[in-house]
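Per chain, numbering begins at 1; letters A, B, ... match sequence-line order.
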There are 2 protein chains.
Amino acid sequence: MDRPPAKPPARRKSWRKDEIIAAAAECFMRHGYQATTVDDVAAQLQCTKGRIYHYYASKTDLFFDVHREGMNRLFAALGPAMEMEGDGVTVLEAMCLAHAEAMLEHHTFENVVAQGVHMHRFDGATAEHKATVQALIDSRDRFEEHFKDAIRRAIDDGSLRAVDVAVTAKVILGALQWTIYWYRPRKADTARSRAALARKLVDPLIEGLRAGD
Amino acid sequence: MDRPPAKPPARRKSWRKDEIIAAAAECFMRHGYQATTVDDVAAQLQCTKGRIYHYYASKTDLFFDVHREGMNRLFAALGPAMEMEGDGVTVLEAMCLAHAEAMLEHHTFENVVAQGVHMHRFDGATAEHKATVQALIDSRDRFEEHFKDAIRRAIDDGSLRAVDVAVTAKVILGALQWTIYWYRPRKADTARSRAALARKLVDPLIEGLRAGD
DNA sequence: GTCTATATGGTGATAGAC
DNA sequence: GTCTATCACCATATAGAC
């Protein structure tokens, strides 16, 4: 029996959604969610907004998908580092490096994620979106919890000073996530150059600034 | 000759502008510049927007004044710490503590400042606002330069490890400024409680996380 | 100085041709 | 599936009464 011809590998049916999400992420990053018009996103795609509304019911739904993709990329980057062998501070350092590199590499999406975090704090979501918003908040919380766990373990095994766990997690993540405000990808950027910058970012956090005697 | 009756001390003529700025800062913080309507600000003041437009030609001008006030408060808080006596790292630590406390205390205004930083990176200003925007960018740069100077001096006098000056300044300021995303003032907050939190924020930055042998 | 009423332009979303 | 045309609404800003 003839089988249907092999499909191109890994070509999902929703690749059009992916390109819409990418274009939206770019616009949301540049101008912010509110200031971005659906026409802006269409222009980025060099099409009209009819196409976008064929795949997304609203601008809000589109934002949610961008946000989700941004979180997925953060979790994907963090996973391997969490599996690293070594004492507590070694694992924490690997997590910091992985997160820093992810923030730089996926800087467009993570910029939008940060907007979402801020929006969720104040804007009461409509009833229909409530569940979606809650899922995204939960996702952020789980991410931060990974760092708190790592800090706790490192303190327990004596490889980290006994600092305030919650505040320290905020300090680490804040320092790394603030890159959205100043880092801009350049053509010459490579995985290697991002890793070098990540190294410079994480070093003062783990080793501290004060000179040893 | 009779002189006019003494005016109430320190009562400036522009106190109405101040209350408009404060109301606008609250709204901009909560919903962002774009999502805030002039009617929102008026509602916050329990008046109509006629009043606001009597003092401000546009929503943009109002935003600029909030931003300016936010920067003024940051500089005012940093000044005394920069005059501190001691070696390089002592001064840097004092600056960090002062900045952290200012970010917490003026959290509403500094939230808006961060929005401004982000906006300026992408939104081409209209010709009429160009000079104003440039002045605010310069002001941000000068603020960061104070930290870079302090880091350089501390490295020179041997009290700080030889870290990357520019990146370390970003790490420090990022960690402290990220508070806008998670800190919320509470009724029970005092200068003392803010100072305690600032201490917890600055400690891991200056001393580092890894346990000494 | 503050209000009400309104002009004006833009934006999210829809309907229907192709 | 993508486009064109359009509607309905909302927000900035102004004009003019009080």
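Within residues 48-65 of chain B, the residues that place at least one heavy atom under 4.0 Å from DNA chain C are, in residue-number order, B/T48, B/G50, B/R51, B/H54, B/Y55. Within a heavy-atom distance below 4.0 Å of DNA chain D, no residue of residues 27-35 of chain B is found.
Sorted pairs that involve residues 102-115 of chain A and meet salt bridge (charged side-chain N to carboxylate O under 4.0 Å, His left out), not counting sequence neighbours, are lacking altogether. Sorted by first and then second residue, the pairs that involve residues 186-200 of chain B and meet salt bridge (charged side-chain N to carboxylate O under 4.0 Å, His left out), not counting sequence neighbours, are A/D164-B/K200, B/E93-B/R199.
Applying the side-chain contact (heavy atoms from CB on, under 4.5 Å) test to A/R121 and every residue at least two apart in sequence or in another chain returns B/R184. Shown here are the ring pair (Phe, Tyr, Trp, His ring centres under 6.0 Å) partners of A/H107, two or more places apart in sequence or in another chain: A/Y183. Legend: residues meeting side-chain contact (heavy atoms from CB on, under 4.5 Å) with A/T108, ordered by chain and number and at least two apart, are A/A25, A/E26, A/M29. B/D39 meets the salt bridge (charged side-chain N to carboxylate O under 4.0 Å, His left out) test with B/K49; sequence neighbours excluded. Under the rule for a side-chain hydrogen bond (donor to acceptor under 3.5 Å, both in side chains), the partners of B/E69 that lie at least two apart in sequence or sit in another chain are B/R73. Shown here are the ring pair (Phe, Tyr, Trp, His ring centres under 6.0 Å) partners of A/F28, two or more places apart in sequence or in another chain: A/Y33, A/F63. A/H129 is linked by a ring pair (Phe, Tyr, Trp, His ring centres under 6.0 Å) to A/F64, counting only residues two or more places apart in sequence or in another chain.
A salt bridge does not link A/R140 to A/E145: none of the charged side-chain nitrogens sits closer than 4.0 Å to a carboxylate oxygen.
Here chain B contacts DNA chain C (any atom closer than 4.0 Å to a heavy atom, that is under 4.0 Å), and the contacts span C/dG1 to C/dT4 from 5' to 3'.
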